[in-house]
Structure formats: structure tokens, C-alpha cells
Amino acid sequence: MESFVSVFSLRRWTETYAWHRAAERGDVAACRSLAESATHDVNSRDRDGLVPLHWAAISGHADLCRDLVMEYGADVSAVDTVRAAGFEW
């Protein structure tokens, strides 16, 4: 039987990185759904310091990059652990 802590940690990890996975895949519908949810932060960082805007840019989803900034409030000045902003990818 899994402990409450491990189940809670897995759920928290999944919620934290949902934006990152959706942005990497270019999943506009998932991003829209996450934006409508008050529990998900468009500027959350993964363990490498990347925000969803970084992942959308790295993956070549220019339209989603625009949407993340213009519609969902992504911070264009957010930098990762090597001090690179999303637009630099």
C-alpha cells in the first residue's frame, strides 16, 4: 500500500509539470484547460528551471509561445538555470 506522502507527491508532481508537458507537445487544448484552472501556474518551473514557455519554444511551437504570453500571462523574462529566456531557444 502506498503511503499518503508518496501519492500526494506524485499528484503534486503531475500537477506541477502538466503545463510543461502540454507546452512541449504543443497541446493547445490542454493549455487552455490548464489556464482555466486556478490551480495551475503558467510560470511554474521544472527541476531544470524551465517554464512552459521554454518548452514550447524548444519544441518549435511558435503559435503556442504567443498564446502562452498573450493569453495566459507567461513571463517572457523568465530564465532557466543557464540564464536563457524562452525566446532565446
Y17 and R47, any side-chain heavy atoms less than 4.5 Å apart
yes

With distance as the sole test, does H54 use its side chain to make a donor-acceptor pair with the main-chain N or O of H20 at under 3.5 Å?
no

All side chain to side chain contact (heavy atoms under 4.5 Å, CB included) counterparts of N43, not counting sequence neighbours:
D41, A74, D75

Residues A22 and A30: closest non-hydrogen pair is CB-CB, 3.8 Å

d(C31 SG, W19 CH2) to nearest 0.5 Å is 5.0 Å

Kindly write out the residues that satisfy side-chain hydrogen bond (donor to acceptor under 3.5 Å, both in side chains) with R32, not counting sequence neighbours, or none if the list is empty.
none

Anything under 3.5 Å between a donor and an acceptor, one on a side chain of residues 55-62, the other on a protein residue two or more places apart or in another chain? List them.
| from | atom 1 | to | atom 2 | distance (Å) |
| --- | --- | --- | --- | --- |
| W55 | NE1 | D46 | OD2 | 2.9 |
| S59 | OG | E24 | O | 3.2 |
| S59 | OG | W55 | O | 2.9 |
| H61 | NE2 | E24 | O | 3.0 |
| H61 | NE2 | G26 | N | 3.4 |

Under 3.5 Å, which donor-acceptor pairs link side chains of residues 63-71 to any protein atom two or more places apart or in another chain?
| from | atom 1 | to | atom 2 | distance (Å) |
| --- | --- | --- | --- | --- |
| D63 | OD1 | R66 | NH1 | 3.4 |

